[in-house]
Amino acid sequence: MRIDEVELRIVHLPYVSPFRTSFGEEVGKHALIVTVRSDGVEGYGEGVMDPFPHYREECIPGALHLLRGAFAPELMSRDVAHPSEVTARWVEWRGNPMAKTALELAVWDCFARQQGVPLRTLLGGERTEIPVGASLGMNPIPQTVASVARHVEQGYQRVKLKIEPGWDVDMLAAVRADFPDIELTVDANSAYTLEMMDLLHQIDEFGLHYIEQPLHWDDMVEHAHLATLLHTELCLDETLTSPARVKAALDLKACTVVNVKVGRVGGLQAVREIHDLCVAREVPMWCGGMLETGIGRAHNIHLATMPGFVFPGDTASASRTYSRDITEQQLEATNGIMPVPAGPGIGVTLDRAFVDQVTESVEVVRR
Ligand code: OSB
Ligand code: MG
């Protein structure tokens, strides 16, 4: 395929309610929506970097700079035989997996649409629905318990609670008092250190399935040490930025569960490599989320159909996050099951009029 145009669009959508984690509170989403155009067919991708780097290092202005000045011009300078080769062409530019992914995803979607197949088919995903859980931001304890109750009632197959020091033991005790047996996990987004072993030992007593990213956002060695001190399994998120780093984390025994976010690991080809490694080593994976719009959410749903994604992920109903999404199709789970949008590519299309209303900037890079 030959890509003729790359459109880089920043949209801003308010959240239904503020989302608070140990790294801050967000009231809305700035999403980078990338469109590629090839032979009259469009494909869509989403970048998950924020305006400022609170989760990992990338940020929107940096991503636009790289896409405009490096990745998009390179992509359009030569034909693409298959989307799996795209990110390898950008190795001369180091890092920046989220920026690379935003464009790579659009190429995958466009390619699948041109072939007339759902994206999942190109990834070897045979399932037409996936089990999902939900990630709950930090709120006062009564609200948190009520929110857990609502999600359990709605059939979500796992509930994940955001924690930080001082926002952990009492909250977990309250939730476990009402829900002693539900599938429960916590995500610290790097809020703890090994000096806080007292707290970590208390958290270890709540029968959690796993603890997500308790320590520094780029660490493996201390997580490997922590794993020897707790019975609860560790899952890494922030630290896992490439297939090589997933392999290193598994070799070091820094985690026994892998959260896959396509943007963080550098694209769908990287996800395929991580998938095959984890399947070979019998390491369970699940698909994380970054509060994506319908474009990124649809990509997540398709990739989570791959057989190695055995635990329920964070790809919950879009309506939990947005009162109105930018896609024409609403991505909603029923009883903890998310249907995979049918049709070619990622199976969703943009609600053009609404996208224009929420666009903050748009530019087109041409061949
Ligand atoms: O750590 O998984 C995380 C959202 C933004 C940044 C980091 C994380 C999250 C979530 C939300 O947990 C998952 C979702 O509903 O998309
Ligand atoms: Mg996380």
Side-chain angles (χ1 to χ4, degrees), residues 21-22 55-56 130-135 156-164 168 172 176 181-194 196-197 199-262 264-266 270-290 300 303-315:
T21 66
S22 64
Y55 165 81
R56 277 212 63 103
I130 54 163
V132 290
S135 170
Y156 281 105
Q157 301 195 18
R158 169 278 256 153
V159 172
K160 157 172 147 184
L161 301 168
K162 294 287 188 180
I163 58 167
E164 67 181 13
D168 42 23
L172 284 167
R176 271 299 187 217
D181 301 320
I182 58 167
E183 164 92 0
L184 192 64
T185 71
V186 292
D187 185 358
N189 290 110
S190 308
Y192 295 80
T193 67
L194 287 178
M196 303 173 183
M197 278 316 302
L199 268 180
L200 290 162
H201 279 303
Q202 291 180 66
I203 294 165
D204 202 22
E205 296 305 314
F206 287 100
L208 304 170
H209 187 172
Y210 49 81
I211 302 173
E212 186 176 338
Q213 198 76 33
L215 306 177
H216 188 277
W217 53 271
D218 209 32
D219 167 77
M220 294 189 199
V221 173
E222 294 198 342
H223 280 97
H225 180 56
L226 180 63
T228 67
L229 303 175
L230 302 179
H231 13 260
T232 311
E233 291 189 80
L234 297 187
C235 170
L236 288 177
D237 174 353
E238 280 88 332
T239 291
L240 304 178
T241 52
S242 66
R245 283 179 63 88
V246 172
K247 180 174 180 298
L250 297 180
D251 286 349
L252 274 172
K253 300 184 167 38
C255 66
T256 49
V257 177
V258 168
N259 170 337
V260 171
K261 290 182 182 170
V262 61
R264 191 192 64 233
V265 303
V271 168
R272 295 166 95 196
E273 291 168 22
I274 290 166
H275 175 270
D276 293 352
L277 174 75
C278 288
V279 169
R281 296 195 184 191
E282 298 181 13
V283 174
M285 312 160 69
W286 57 276
C287 179
M290 295 288 285
N300 289 343
L303 76 87
T305 64
M306 294 168 77
F309 287 83
V310 293
F311 291 165
D314 278 345
T315 309

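The first residue in the sequence is number 1, and the count goes up from there.
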message = So that I can tick it off, tell me whether R264 and D237 are bridged by a salt bridge, with the cut-off set at under 4.0 angstrom between side-chain N and carboxylate O.
response = yes
Note: G308 and H275 closest approach over all heavy atoms is N-NE2, 2.8 Å
Side-chain contact, heavy-atom cut-off 4.5 Å: L234 with P214?
yes
Q) Side chain of T185, backbone of Y210: donor and acceptor closer than 3.5 Å? A) no
Rounding to 0.5 Å, atoms SG (C235) and CE (M285) come to a distance of 10.5 Å
The ring pair (Phe, Tyr, Trp, His ring centres under 6.0 Å) partners of F311 (sequence neighbours excluded) come to H209
Mark yes or no for whether S22, through its side chain, and E164, through its backbone, hold a donor-acceptor pair below 3.5 Å. no
**Asked** Do L230 and H201 come within less than 4.5 Å of each other through their side chains, counting heavy atoms only?
**Response** yes
Here the pair of heavy atoms bringing T239 nearest to H216 is OG1-O, 3.8 Å
| Side chain proximity check, D187 to K162, heavy atoms < 4.5 angstrom | yes
N259 vs W286 side-chain heavy atoms within contact, under 4.5 Å:
yes
Value for NZ (K247) from CD1 (I274), rounded to nearest 0.5 Å, stands at 13.0 Å
In terms of heavy-atom contacts, P131 and Q157 come closest through CB-OE1, 3.5 Å
Rounded to the nearest 0.5 angstrom, the SG-CZ distance for C278 and F309 is 8.5 Å
Practice prompt. Quick one: do S190 and L215 satisfy side-chain contact (heavy atoms from CB on, under 4.5 Å)? Show the steps, please.
Written response: CA-CA 4 Å; S190 308; L215 306 177; over 6 Å; no
Does any part of the side chain of L200, heavy atoms only, come nearer than 4.5 Å to the side chain of L229, both counted from C-beta?
no
Heavy-atom closest pair (E273 atom, P243 atom, distance to 0.1 Å) is OE1-CG, 3.6 Å
In this structure, CD1 of I211 is separated from CZ of F206 (nearest 0.5 Å) by 11.0 Å
Smallest heavy-atom separation, L240 atom then A249 atom, equals CD2-CB, 3.7 Å
I want to check something: taking the side chain as every heavy atom from C-beta on, are D168 and Y192 in contact at a cut-off of under 4.5 Å?
yes
- Item | Side-chain touch I203/T232, heavy atoms, less than 4.5 angstrom | no
Output for pair (D219 CG, L226 CG), nearest 0.5 Å, gives 9.5 Å
Expected output: side-chain R56 to main-chain W217 donor-acceptor under 3.5 Å
yes
message: Within the structure provided, determine whether H231 and E205 are in side-chain contact (heavy-atom separation under 4.5 Å).
response: yes
In this structure, CG of D314 is separated from CE of M290 (nearest 0.5 Å) by 11.0 Å
Checking V260, T315, V132, V271 against C287 for side-chain contact (heavy atoms from CB on, under 4.5 Å), the one that qualifies is T315
### Query
Is D251 salt-bridged to R281, going by a charged N under 4.0 Å from an acidic O?
yes
On a heavy-atom basis, the closest approach of E233 and V257 is OE1-CG2, 3.8 Å
Worksheet item: Counting N and O atoms only, with roles assigned by atom type, does the side chain of N300 sit under 3.5 Å from a partner on the main chain of A304, one being a donor and the other an acceptor?
Response: no
Just by distance, do the side chain of R245 and the backbone of M220 share a donor-acceptor pair under 3.5 Å? no
